[in-house]
Amino acid sequence: MVDYHAANNQYSAGGPQTYMEQENDWDRDLLLDPAWEKQQRKTFTAWCNSHLRKAGTQIENIEEDFRDGLKLMLLLEVISGERLPKPERGKMRVHKINNVNKALDFIASKGVKLVSIGAEEIVDGNAKMTLGMIWTIILRFAIQDISVEETSAKEGLLLWCQRKTAPYKNVNVQNFHISWKDGLAFNALIHRHRPELIDYDKLRKDDPVTNLNNAFEVAEKYLDIPKMLDAEDIVGTLRPDEKAIMTYVSCFYHAFSGAQKAETAANRICKVLAVNQENEHLMEDYEKLASDLLEWIRRTIPWLENRTPEKTMAEMQQKLEDFRDYRRVHKPPKVQEKCQLEINFNTLQTKLRLSNRPAFMPSEGRMVSDINGSWHTLEGAEKGYEEWLLNEIRRLERLDHLAEKFRQKAAIHESWTDGKEAMLTQKDYETASLSEVKALLRKHEAFESDLAAHQDRVEQIAAIAQELNELDYYDSPSVNTRCQKICDQWDSLGALTQSRRESLERTEKQLESIDELYLEYAKRAAPFNNWMEGAMEDLQDMFIVHNIEEIQGLITAHEQFKSTLPDANKEREAIQAIQAEVQKIAQYNGIKLSGTNPYTTITPQSIDNKWEQAQQLVPQRDQALQEELSKQQSNDHLRRKFATQANMVGPWIQTKMEEIGRISIEMNGTLEDQLTNLREYEQSIIEYKPNIDQLEGDHQLIQEALIFDNKYTAYTMEHLRVGWEQLLTTIARTINEIENQILTRDAKGISQEQLHEYRASFNHFDKDHSGALMAEEFKACLISLGYDVENNKQGDAEFARIMGIVDPNNSGAVTFQAFIDFMSRETTDTDTADQVIASFKILAGDKNYITAEELRRELPPDQAEYCIARMAPYSGADGIPGALDYMSFSTALYGESDL
């Protein structure tokens with residue numbers, strides 16, 4: 001047997017006398033009257049089951065079902081709300097004794113001095129010892145805490161019954177046995193608290209069984225008090241068992257004494273939950289707006305980062321137009337949303353501070369800093385996308401130019417090579433005379449000279465094709481096919497040329513005559529002809545310029561070319577003079593000419609024709625250059641026009657930004673006056689918007705003209721857009737700060753003079769006018785206001801505590817709003833987590849957990865469901881349906897732990 005004499009000597013509420021009386025009762029219990037034992041067994045069993053049903057179990061036989069100690073430990077956990085040591089699950093006697101000892105240890109730890117009750121008697125099923133132990137538990141957990149007018153336990157419960165039944169006739173409660181036999185006292189208690197449940201005037205003193213059964217049934221049905229007594233047993237016993245009556249009556253006390261407290265607790269919880277629900281709505285709105293904005297940024301950035309080039313200039317121009325639509329139509333509303341999001345966030349934080357709630361921390365990735373970071377990434381991608389578009393347009397423009405140049409040179413080359421293979425494969429030298437063979441040889445030499453002159457053009461064609469391939473020209477396959485055909489034909493011409501030379505040289509040994517004049521003509525005509533073809537090609541060549549200097553350079557080069565024409569004409573006349581000399585000599589000597597120069601196919605007529613064509617191309621080239629000069633002059637005018645407006649708008653934006661900075665630290669008039677002035681100032685800024693729109697129009701004309709630089713101004717449209725957006729955002733933030741100051745002033749009851757004093761102190765120490773005080777500046781400000789934060793151990797600790805309030809994020813700076821909140825925070829009466837926990841404990845009947853049924857009974861439906869959805873299951877009440885942890889929920893409302 002375990003001796004519990006060494007346990008604590010007394011329990012604070014009842015004192016040693018209560019338990020001395022209890023010990024004497026236990027000794028007498030060994031000689032219980034059978035009728036009393038029956039009443040105790042039934043009452044104690046019902047009382048135990050009223051608690052065990054919360055854990056989803058019950059007992060049938062009180063001395064048998066507690067023998068293994070498992071349900072006894074569970075009963076103590078339910079009624080105390082505390083966890084007992086883990087029970088042993090074995091079936092052996094030693095396991096049962098150990099479990100019962102754990103339960104008895106727990107009872108002793110609550111200040112109960114147990115005498116002559118050991119684990120062996122409980123395990124052996126000793127009914128009187130078991131009933132005595134249960135009575136000890138009932139006294140400790142159901143009766144001992146009852147206190148009425150400085151009386152406690154039994155006396156307090158008796159006084160409570162007397163007070164509640166005093167107004168009722170035929171009721172005189174003097175004890176806990178015969179005073180209750182007629183049942184009127186039970187009905188009077190119920191009627192006093194719930195008059196709608198009983199018609200007391202119809203009860204008769206001479207019908208105790210009916211009275212008792214009526215009270216028991218009403219209590220069980222409407223008050224959730226199980227039936228612990230039998231009317232027949234009470235009426236049939238001369239003196240009903242006092243312990244049974246006390247146990248049953250204590251249930252009425254606990255059922256009724258908490259009603260008023262529950263109503264007060266419910267009102268407090270409703271108030272707290274209403275504030276919390278409103279804040280949660282604001283948080284949800286912020287989360288949704290932040291999510292939508294981040295989702296738009298997330299969708300837009302890949303579009304701006306897409307660098308897949310289009311094949312044609314028209315498609316790239318469409319991309320540029322889509323980008324302009326994004327700038328004009330899609331982005332401005334998102335700029336406003338971003339600004340509004342920051343305003344909503346600041347307002348929510350102010351409301352949370354005023355209601356003594358923790359600062360709102362958005363979900364991961366949705367902080368204002370996260371949104372600003374994503375916005376910065378978006379603007380970076382936007383800038384890079386615009387640069388890529390312009391570079392890609394330049395690339396396509398160059399590709400088109402190269403492709404056209406390739407086609408021109410290829411066409412000229414193909415025209416030149418037309419018929420050359422047939423010429424090189426003919427056998428005309430086989431039947432020719434000596435002079436004709438020599439002529440054929442010289443003609444072939446002239447052709448080789450011409451072939452060599454065309455080598456540069458073939459190389460140029462191949463180089464252009466290679467560049468088109470490297471620049472990923474969309475029609476590269478056709479270019480490559482044509483280039484390959486030209487190269488293959490060129491190789492064939494080289495081989496045929498070499499073969500024909502060899503054939504002519506074999507015949508040359510037999511041929512000795514040559515016409516020097518024809519040869520001289522051919523040698524001079526070929527390079528001149530090539531020069532004219534090159535000149536004609538240059539005169540028809542396309543050009544791209546981006547400024548006046550470049551076009552003036554082309555015009556200068558063209559003028560230099562025109563200055564060479566007189567010398568070229570002299571060369572042409574000299575070549576024509578050679579042909580005239582041939583005709584003169586032939587006529588003079590009677591030589592019969594074949595009609596053609598055997599050494600060249602270049603005739604005087606072809607030279608004159610090409611010369612005439614070149615003369616016609618010169619003025620056409622003049623006209624094209626002059627038109628381009630006019631275009632560049634127009635572009636220069638657009639640059640100057642944009643620069644003039646930009647050089648006004650840029651400094652204006654900078655000036656306004658500086659003015660806003662000064663306004664934000666000045667104290668002119670009331671906060672309402674400052675708010676009105678700021679809104680008027682904001683309206684004056686908005687009225688300046690047409691100047692920005694005009695700049696956008698000028699900028700669009702510049703982009704349409706494909707102007708990529710502007711030497712007349714350092715401002716770009718992108719810089720001005722960013723400056724304008726920053727200006728609008730800054731004035732909106734400044735207005736929001738004043739609104740939050742008004743909100744704080746009204747909520748905290750701060751006077752206008754106090755606000756002026758706070759602002760004057762703040763501005764005095766804000767030396768750099770940044771709108772925030774650094775740590776040392778803030779310490780000096782506090783010292784000037786009388787705070788003891790000097791450089792000593794106590795002052796440093798106080799300063800650290802204050803900095804933890806005004807700068808919870810450890811940013812090292814204190815804003816004016818945080819300064820105002822600190823100066824006024826200690827004057828506001830707010831709810832605390834401990835108050836809310838105490839209110840829930842009242843609703844829960846002094847338990848450490850609460851059930852969903854109790855919440856729905858005590859709170860309005862919407863707030864009851866709100867709590868049920870957010871409360872975690874109670875870890876100390878395994879198996880109890882609907883047992884919820886209201887402590888964690890309450891502390892989570894104030895940010896003291898995670899829900």
Side-chain angles (χ1 to χ4, degrees), residues 1-16 18-30 32 37 40-41 43-45 47-52 54-55 57-59 61-145 153 243 247 250 848 876-878:
M1 180 182 296
V2 179
D3 187 4
Y4 288 92
H5 284 283
N8 295 332
N9 292 327
Q10 61 183 11
Y11 177 64
S12 58
T18 299
Y19 285 103
M20 186 60 68
E21 294 173 358
Q22 170 197 320
E23 291 169 8
N24 295 334
D25 287 342
W26 289 346
D27 293 338
R28 291 193 299 271
D29 280 346
L30 298 176
L32 276 175
E37 180 179 345
Q40 286 186 15
R41 187 188 304 273
T43 301
F44 291 177
T45 299
W47 183 86
C48 291
N49 284 335
S50 70
H51 293 287
L52 287 173
K54 300 175 184 178
T57 187
Q58 64 180 10
I59 61 173
N61 189 308
I62 196 167
E63 64 267 22
E64 290 295 329
D65 292 349
F66 284 143
R67 289 180 63 184
D68 59 4
L70 296 177
K71 290 187 178 181
L72 178 59
M73 294 178 71
L74 181 61
L75 173 65
L76 290 172
E77 285 188 347
V78 172
I79 62 178
S80 68
E82 301 180 17
R83 297 287 292 182
L84 269 68
K86 185 177 180 180
E88 299 180 9
R89 296 294 179 179
K91 301 295 185 180
M92 299 177 63
R93 177 179 175 82
V94 65
H95 298 139
K96 298 177 181 180
I97 290 175
N98 290 339
N99 288 338
V100 174
N101 276 331
K102 291 177 182 178
L104 295 177
D105 286 341
F106 179 79
I107 295 173
S109 70
K110 297 302 179 181
V112 178
K113 183 177 181 182
L114 300 174
V115 180
S116 300
I117 298 179
E120 289 83 353
E121 285 82 357
I122 305 301
V123 173
D124 292 338
N126 187 314
K128 293 180 175 56
M129 287 294 181
T130 302
L131 291 174
M133 177 188 66
I134 297 302
W135 173 242
T136 300
I137 294 173
I138 293 172
L139 274 177
R140 171 61 184 83
F141 293 101
I143 297 176
Q144 199 63 41
D145 290 337
K243 295 183 179 68
T247 300
S250 69
N848 289 334
D878 296 338

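Between F66 and V100 there is no side-chain heavy-atom pair separated by less than 4.5 Å. At a threshold of 4.5 Å between non-hydrogen side-chain atoms, the residues W135 and T43 do not count as touching. Taking the side chain as every heavy atom from C-beta outward, F44 and T130 never approach each other to under 4.5 Å. Here the side chains of L72 and M133 are in contact, with some heavy-atom distance below 4.5 Å. Residues I137 and W47 are in side-chain contact: their nearest non-hydrogen atoms beyond the backbone lie under 4.5 Å apart.
Considering CZ of R83 and CG of N848, their distance stands at 12.5 Å, rounded to 0.5 Å. From K128, atom NZ reaches atom CD of Q40 across 10.0 Å, with rounding to the nearest 0.5 Å. The NE2 atom of H95 sits 7.0 Å away from the CG atom of N98 when rounded to the nearest 0.5 Å. For the atom pair CD1 (I122) and CE (M129), the distance works out to 8.0 Å, reported to the nearest 0.5 Å. Separating the CG atom in L74 from the OG1 atom in T57 is a distance of 7.0 Å, to the nearest 0.5 Å. One finds the SG atom of C48 at 6.0 Å from the CD1 atom of I138 (value rounded to the nearest 0.5 Å).
Looking at K54, its side chain never comes within 3.5 Å of a backbone N or O of I79 through a donor-acceptor pair. For the pair R140 (side chain) and K110 (backbone), a donor-acceptor distance under 3.5 Å is present. Put simply, the side chain of N99 never gets that close to the backbone of L70: no donor and acceptor are under 3.5 Å apart.
Ion pairing between a basic and an acidic side chain is recognised when a charged N comes within 4.0 Å of a carboxylate O; R93 and D124 show such pairing.
Residues meeting the side chain to side chain contact (heavy atoms under 4.5 Å, CB included) test with N49, sequence neighbours left out: T45, L52, Q58, I59. Applying the salt bridge (Lys or Arg N to Asp or Glu O under 4.0 Å) test to E63 and every residue at least two apart in sequence or in another chain returns R41.
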Applying side chain to side chain contact (heavy atoms under 4.5 Å, CB included), run through F106 and M73 and close with a yes or a no. CA-CA 9 Å; F106 179 79; M73 294 178 71; over 6 Å; no
Assess whether side chain to side chain contact (heavy atoms under 4.5 Å, CB included) is satisfied between L84 and K102, documenting all intermediate values. CA-CA 8 Å; L84 269 68; K102 291 177 182 178; 5.6 Å; no
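The two residues A55 and V78 make their nearest non-hydrogen contact at CB-CG2, 4.0 Å.
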